[in-house]
Each structure stands twice: as structure tokens, then as C-alpha cells.
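Data block below; observations after.
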Amino acid sequence: MKTNYFQVLTGVGGVRNGKLSTRAGKVLTPTFMPDGTRGAVKSVKPEDVQATGVQAVLANTYHLHLQPGEEVVTKLGGIHGFSGQKLPMLTDSGGFQVFSLAHTRKITEEGVTFKDPRTGDTVFLSPEKSIQIQMKLGADMMVAFDDVTALDDAGRDRTKEAFDRTHRWLERSLAEFQRLTMDMKPDERPLLFGVVQGGLDKELRKRSLDIVQGLPVDGIAVGGLSVGESREEMHGMLAYLADLYDDSPRPRFLLGVGDPIDLRFAIENGIDMLDCVLPTRNARHATAWVSGDKKIHLTNATYAEDAKAIDPGCDCATCQAGYSRGFLRHQFQVGEPLAGTLVSIHNIRYLQRICEEYRNETNEQSTSKPN
RNA sequence: GCAGGGUUAGUGAAGCGGUCAAACACGAGAGACUGUAAAUCUCUUGGCUUAUGCCUUCGUAGGUUCGAAUCCUACACCCUGCA
């Protein structure tokens, strides 16, 4: 296990302010990371993503494995050279696709077989395979392959099964990770996050957290939330977990959460990193966040002749450039992708600004020593 | 001028005696999206402040019928042939 790669201060109210060292550079936390599933944050140039203040970007193992394949990514210089993204890159394991592609996949103890709905190709992912792919992709941070299950009424009965399998798979992921990184120098080695599961069952969650924290993983990821449960249920679990993390200086990564309200709640409950498709998907669907964590639908008729920026006073590139709501509405109406791009930049910046506010606040209020 | 064909809700287009306020598509209006099968999906779209209700519609005006967007007559306009 590496040492001293994550320095963190805990401020008043449990908000943490950290500096995570990855082989591709530092990541200031708390931080929101946009998802670039297929190697790009949809419709946004890597340099424009950087300009929002983002600290790290995600990509997805499952999608890049399917297309173009990790070999191609390796040939083109690894995930950074391939994508043109210089920021630290974190790859998700493909575990979420166990949930989102549930109707085309088959789980066995060995791993998961997916059937690509577009090509009919069979894709097999296992803990070892996922780590191998993430390594070939050249990820700076990676996630252990877990078993994600839904938390709607229908999916909850699989919680225990997914919980158990996630831990068995975590040990296999970790072993494969250690095997592949044993010859690497500390500053060349990527970081591995283990995933906490357990659904909405507090006892399971606590046990899962203990298991993950008991292993020499570099970071603690909280998974299996925002998958169909209510906001109250999710917040309740985050608040419950907040008191249970150990003192080891490891980053805590809440997987798949990105609504501003949830982002704030998570950060106030000790989470350091989050990722989500919401800012970019909402943006492409013409929904923008504005001051007060409200959202507006830019396609609404009321904005047709609105000369104001999306959020007057916003410091994002889109608002600063003066693109009006009326212009954006029109571009959405006629199906021009530029609108989605411009709003994506705004939404990503909106979340980033929240993170920056917490970082600044914590700096000022911080009372405890770096641990 | 003669002979055919056509005229349906914002647009295009089904319907061809009752189950038609009228399919479907687009457009329009609103909403949903949380480790991206998602530039996608859902709902509404004649009026009545909302209903297993009422009212007004299917070029215009009459007529036949218990009943018409659907049949008949006249007229208007639009196409296509032939003069």
C-alpha cells in the first residue's frame, strides 16, 4: 500500500479538504468528476472540460473494452494519449453495467457475461479481466469490479447476494491489481478503489465498509446508491456511513451521484469524490442548474426571447461568453448539438463551483491537523 | 370547355354510414433523467379550467337517414389528362 498519497484536513461539520496524488497529477477534493464513458465527456472538448476546473475525469472499462478495445487505446498512447485528456483519469470497472444492462447479462461466480445489444457480441468481464483492462487503458485510478443491484422495490431482494459477491470479487480484484503493479514504483502505480455495497441495509453496509476498509485498497468507494431508492433513503445511508469510516487517510468516492443537492449532502457527510452523468445528460436534454440548485428547462417557451445568460453571474465559459437563453433555446429546438455542449460546460462548472466553495470554506475553518 | 382526382385538427396524412373529437407522423407545450443501451424517454395537444360529461369541427350551402367526415345535389378552390 502506498503512503502519504492523500492528505486531508477535516473541517467543521465533517467536510474534508484533501489533496490526492495520482501518477497523472494532483486532485483537489472534494471534487466532482464528469463521466467520459467512451473516452470523452460527451460533446465537450477535453480542454473545455479542464477549463471548468474539473480535477479528474472518468471513463468506462466496459464501453472502451467493447469499442475500440483496450489494445487500440494502448497503441494510441493510453487513455491520456488516446483521449487528449491530460487530467487524472479514473476508470469505472464495468460493475455498474451489471445493473444497467441487467436484461442482457448473466452473472456467475466467475464473472458476468454481457450481450452487446447493438452487435450481439458476447462480452465477458470478471474481477481479473476488469483490472487487466483498466491497467491496459492506463487509468490513474481504478475501481474494483462489483455486483450492483437495483434498489427499487423489485431489486432489493438481491442485495445480500450482491453484497457477498462484491467482497469475493474485491479480493480477486485486489489480488490481480497487486500482481500487475508489484513491479511499479510508488509514483507510477495507479490507485485502486474498493466498493462498499449493502443496499439500504445498515448492518450490511457497516459490514461491507469494514471489509473494504480492512483491505489494502487505496480508496473507499460507496456504490449501489442512486439506483432507484428515494433521496431520503440515500441521504440516510450516507449520514449513517459518515460516522463509520476509519481514520486511514484514504479518499472516499461516492459513485454515480451528481445532483447539486445530493452533492452537497455527500460532501457534508465526508465524501471526497463523486462522479455522475447528470450534468452532461441533463445539459443535452436542455436542463441547466441555476443559482439555488434550481433547474430550468431551456426549451420552455418562456425563454424564447430571454437575453439573459443561463445563470446571470455564473463564471462558466458559456455564461461569460454571453450566450443567451433565447439563443440556446433556439439551438435546442432545431436540434443543434452546440446547445448541449454549451450547457454541459455550464452544468459541469456549476458542480465544480460547489466543490470549490467547500474547499475554500474548509481551508478557512479547518481545525484538525493533516492526518 | 370536357373527363377524372382531390379539399380532414398547426402541418402532412389515415378514416369512407354508427364503436370519430377523428389513427399515425411531424410540429408545439410540459416533465423525467444520479458509477451513460440515454442528443433519450414520458405525458398533453379543438373548446369547455377537466369529466364513463357537454359543446363546436372534417372546403361552403343544402339534402337523404334514427344516425353523415363518410351517401346525394349545387357551388368554390386545387391538381391531372384531353381540347
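Just so we're on the same page: letters track the sequence lines, and every chain starts at 1. No hydrogens, no waters, no symmetry mates; every other heavy atom, side chains included, goes into these values.
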Checking side-chain polar atoms at under 3.5 Å, does [X] have a donor or acceptor matched by the opposite partner on [Y]?
{"X": "D246(A)", "Y": "S248(A)", "result": "yes"}
{"X": "D262(A)", "Y": "H235(A)", "result": "yes"}
{"X": "Q55(A)", "Y": "Q352(A)", "result": "no"}
{"X": "Y350(A)", "Y": "D293(A)", "result": "yes"}
{"X": "D140(A)", "Y": "H80(A)", "result": "yes"}

Does [X] reach a base, just sugar-phosphate, or nothing at all? Heavy atoms under 4.0 Å.
{"X": "T287(A)", "value": "base"}
{"X": "V143(A)", "value": "base"}
{"X": "D259(A)", "value": "base"}
{"X": "T280(A)", "value": "base"}
{"X": "L225(A)", "value": "nothing"}
{"X": "Q197(A)", "value": "base"}
{"X": "R264(A)", "value": "nothing"}
{"X": "G258(A)", "value": "base"}
{"X": "G224(A)", "value": "base"}
{"X": "R105(A)", "value": "nothing"}

Considering only side-chain heavy atoms of [X], which listed nucleotide, [options], is closest?
{"X": "K295(A)", "options": "G35(B), C33(B), G29(B)", "value": "C33(B)"}
{"X": "F96(A)", "options": "A39(B), A30(B), G35(B)", "value": "G35(B)"}
{"X": "S93(A)", "options": "A39(B), G35(B), U36(B)", "value": "G35(B)"}
{"X": "Q333(A)", "options": "G35(B), A28(B), A38(B)", "value": "A28(B)"}

Taking [M] as the reference, what is the distance to [N] when you measure between their [atom1] atoms (whole Å, please)?
{"N": "G59(B)", "M": "C16(B)", "atom1": "P", "result": "16 Å"}
{"N": "U7(B)", "M": "U40(B)", "atom1": "P", "result": "34 Å"}
{"N": "G6(B)", "M": "A13(B)", "atom1": "P", "result": "13 Å"}
{"N": "C75(B)", "M": "G1(B)", "atom1": "P", "result": "12 Å"}
{"N": "U57(B)", "M": "A22(B)", "atom1": "P", "result": "16 Å"}

Please state whether the phosphate of [N], meaning OP1 or OP2, lies under 4.0 angstrom from any side-chain nitrogen or oxygen of [X].
{"X": "Q97(A)", "N": "G35(B)", "result": "no"}
{"X": "R231(A)", "N": "C33(B)", "result": "no"}
{"X": "R281(A)", "N": "G35(B)", "result": "no"}
{"X": "N300(A)", "N": "A30(B)", "result": "yes"}

What is the distance from [atom1] of [X] to [atom2] of [N], rounded to the nearest Å?
{"X": "F145(A)", "N": "G35(B)", "atom1": "CZ", "atom2": "C1'", "answer": "13 Å"}
{"X": "L278(A)", "N": "A32(B)", "atom1": "CG", "atom2": "P", "answer": "11 Å"}
{"X": "L101(A)", "N": "A38(B)", "atom1": "CG", "atom2": "C1'", "answer": "12 Å"}
{"X": "F99(A)", "N": "C33(B)", "atom1": "CZ", "atom2": "C1'", "answer": "12 Å"}
{"X": "R284(A)", "N": "A32(B)", "atom1": "CZ", "atom2": "P", "answer": "17 Å"}
{"X": "K42(A)", "N": "C33(B)", "atom1": "NZ", "atom2": "P", "answer": "19 Å"}
{"X": "D262(A)", "N": "C33(B)", "atom1": "CG", "atom2": "C1'", "answer": "13 Å"}
{"X": "I296(A)", "N": "G29(B)", "atom1": "CD1", "atom2": "C1'", "answer": "17 Å"}

Under 3.5 Å for both donor-acceptor distances, Watson-Crick or wobble: does [N] have a partner, and if so which one?
{"N": "C16(B)", "value": "none"}
{"N": "G62(B)", "value": "C72(B)"}
{"N": "A22(B)", "value": "none"}
{"N": "A3(B)", "value": "U80(B)"}
{"N": "U57(B)", "value": "none"}
{"N": "U42(B)", "value": "A30(B)"}

*Are the ring of H285(A) and the base ring of U40(B) both nearer than 5.5 Å at their centres and tilted by less than 30°?*
yes

*Tell me which of Y62(A) and H297(A) sits closer to the 5' end of RNA chain B, going by the nucleotide each one is nearest to.*
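Result: H297(A).
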
_Donor-acceptor contact present, side-chain R16(A) to main-chain P251(A), <3.5 Å_ = no

_Against E176(A), only a single residue in K129(A), Q134(A), Q132(A) fulfils side-chain hydrogen bond (donor to acceptor under 3.5 Å, both in side chains); can you say which?_
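Among the candidates, only Q132(A) passes.
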
*asked:* I'd like to know if D146(A) reaches the base of G35(B) with its side chain such that a donor and an acceptor end up less than 3.5 angstrom apart.
replied: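 It does, because a donor-acceptor pair links the side chain of D146(A) to the base of G35(B) below 3.5 Å.
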
*May I ask you to establish whether R252(A) and Y245(A) are in a cation-pi arrangement, using a distance under 6.0 Å from NZ or CZ to the six-membered ring centre and at most 45° from the ring axis?*
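Yes - R252(A) lies over the ring of Y245(A), closer than 6.0 Å to its centre and within 45° of its axis.
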
